[in-house]
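Chain identifiers are assigned alphabetically (A, B, ...) following the order of the sequence lines, protein sequences preceding nucleic acid strands; residue numbering begins at 1 within each chain.
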Number of protein chains: 2
Amino acid sequence: MSRIPNQKAYHGVLEQIRIFIHKNLLKPGDKLPSERELAETLGMGRSSVREALRALELLGIIETRKGEGTFLGSYRPFQTVEILASFILGNNSTKDDIIATRKLIEKEAAKLAIGKLEDKDIIQFKKIIHDLNNNPKQMHIDFFSLLLNKTENELLLIIWQLMMEFSQTFDNELYESQFYQQLVHLYTKEDYSLIENLFMKQLFS
Amino acid sequence: MSRIPNQKAYHGVLEQIRIFIHKNLLKPGDKLPSERELAETLGMGRSSVREALRALELLGIIETRKGEGTFLGSYRPFQTVEILASFILGNNSTKDDIIATRKLIEKEAAKLAIGKLEDKDIIQFKKIIHDLNNNPKQMHIDFFSLLLNKTENELLLIIWQLMMEFSQTFDNELYESQFYQQLVHLYTKEDYSLIENLFMKQLFS
DNA sequence: TGCCCCTAGTGGTCTGACCACTTATAATCC
DNA sequence: GGATTATAAGTGGTCAGACCACTAGGGGCA
């Protein structure tokens, strides 16, 4: 385990953990060696090991529970996207970019949902639209949350949620109230050719 | 700066750094406070600060140079990709999400670029396509980097780059070689109605 | 048998120390 | 005075040791 001089220690730890996981065929939920044990095995300080573990934890690759140990998590890049977004959004990005991207996702999600909606989903959509307890913004969130879920693309859902979250403070650019009904109506009639048009009308209104 | 008991210290550091960046309008390349300074300012140990910084470094959000300091990076998690990818492997639904989202952005970018391309851009596209030094993957990256740039939606560009980074290691689902030429051809003829069709043909081939 | 307490092990955090490296300053030399 | 060279200060990289808070399991007690 000789280290290349200019290589940082925690990179080595990362690599070793990766090897350990694969060699022992660890599955999500399985336990990893303790920090002290890892440090001794790899011949480096505990703090260096911790730096690597913290990084992996932030990315959702591992989970740590105080008093218990370190466990392999079920890694998905979504957490990574989320962290990156929190540093990127609001800094480099303009309001316009966020809104445009949000609408783009909504439009595409509407098309992706084609053929994946059952009758009970349609009913659910109508219920959301007519729920008078919700203000327009909440209605919008409920509506597209359901729609995004139906696309079965979890990543897209996460990105959309991030856009919504970061646009909370300034974005009131929702759609006209009848838009949602019209969209549901198109699903009901199974007339999918007009979905794009429906969105376009909203985007340039 | 009182901390909620069950909240780990480095999460606080993460948040503070994020605020610092936004408050001071730091751009990539700008310098952050030193580790010791951060530790004192935030009232916590240097090791906790380091754990947060290492995580951010792994994500490419910051860069550290020994003897110089810590600098804001350009959000490109290059160093990370191989490590992360090795954890993604085997999770097919996640891979599918990444690929689908990537292609979705490419399709929409192609439509967003309508009306924003000048003659010199067209020439540039053709140059990229016919550059024999590039392998197909590099050509694809160059092609859509330029296209995404032309959409003038920086956020969309960043998301796309992230998808590309992740999918680099496992995704060979590019488009047929004549696809790129056909797309440029449509721009040349200013025949935009067929862009969607062109992509759809690729997606289901 | 069932309960409780204690202990060993674990992650969470801090401190202080030393190293290697970079930069800016000061001293030196011509 | 100007150029070169030593020096000092500052920075990230790493380690060791010490506590703390928490968890789980075992041993003892009723």
*Selected nucleotide, minimal atom distance to A:Arg46 side chain, candidates D:dT11, D:dC15, D:dA18*: D:dA18

*Considering only D:dA24, D:dA21, D:dC15, which nucleotide approaches the side chain of A:Glu68 most closely?*
D:dA24

*Side chain of B:Thr70 (C-beta onward), nearest among D:dG12, D:dT14, C:dG12*: D:dG12

*Atom-pair distance (CG on A:Leu14; P on D:dG13), nearest Å*: 15 Å

*asked:* So B:Gly67, base contact, sugar-phosphate only, or nothing? Heavy-atom distance under 4.0 Å.
replied: base

_Any B:Arg50 side-chain nitrogen or oxygen under 4.0 Å from OP1 or OP2 of D:dG13_ = yes

_Donor/acceptor link under 3.5 angstrom from B:Arg54 side chain onto base of D:dG13_ = no

*Side chains of B:Tyr10 and B:Met44: closer than 4.5 Å at any heavy-atom pair?*
no

*In sequence, state the C-alpha distance, the side-chain angles, and the governing distance for B:Glu51 and B:Arg54, and then conclude on salt bridge (Lys or Arg N to Asp or Glu O under 4.0 Å).*
CA-CA 5 Å; B:Glu51 290 183 5; B:Arg54 263 352 89 222; over 6 Å; no

*asked:* Nearest whole Å is fine: how far is C:dT10 C1' from A:Glu37 CD?
replied: 11 Å

*For atom CD of A:Glu40 and atom P of D:dT14, their distance in whole Å*: 19 Å

*Phosphate oxygens OP1/OP2 of D:dT11: is one of them under 4.0 Å from a side-chain N or O of B:Thr64?*
no

*What do the steps show when you test A:Glu106 against A:Arg102 for side-chain contact (heavy atoms from CB on, under 4.5 Å), and what is the final call?*
CA-CA 6 Å; A:Glu106 289 167 354; A:Arg102 194 208 84 208; 2.9 Å; yes

_Spacing of B:Glu35 atom CD relative to C:dA20 atom C1', expressed in whole Å_ = 14 Å

*Please tell me if the side chains of B:Gln202 and B:Lys103 come closer than 4.5 Å, counting only heavy atoms from C-beta onward.*
no

*Listed nucleotide nearest any side-chain atom of B:Arg36, set D:dG12, D:dC15, D:dC22*: D:dG12

_Nearest-angstrom distance from the residue atom OH of B:Tyr10 to C1' of C:dC14_ = 18 Å

*Distance in angstrom units between A:His11 NE2 and D:dT14 P, rounded*: 10 Å

*Considering all heavy atoms of both residues, which atom of B:Phe125 and which atom of B:Phe143 are nearest to each other, and what is their separation?*
CE2-O, 3.4 Å

*Gap between atoms CG and P, on B:Leu42 and C:dT15 respectively (whole Å)*: 13 Å

*Given that B:Ser47 and B:Leu32 both sit by DNA chain D, which one's nearest nucleotide is further toward the 5' end?*
B:Leu32

*Atom NZ of B:Lys31 and atom C1' of C:dT22: how far apart are they, to the nearest Å?*
11 Å

*Which nucleotide in the set D:dG13, C:dT13, D:dT14 lies at the smallest distance from any side-chain heavy atom of B:Lys66?*
D:dG13

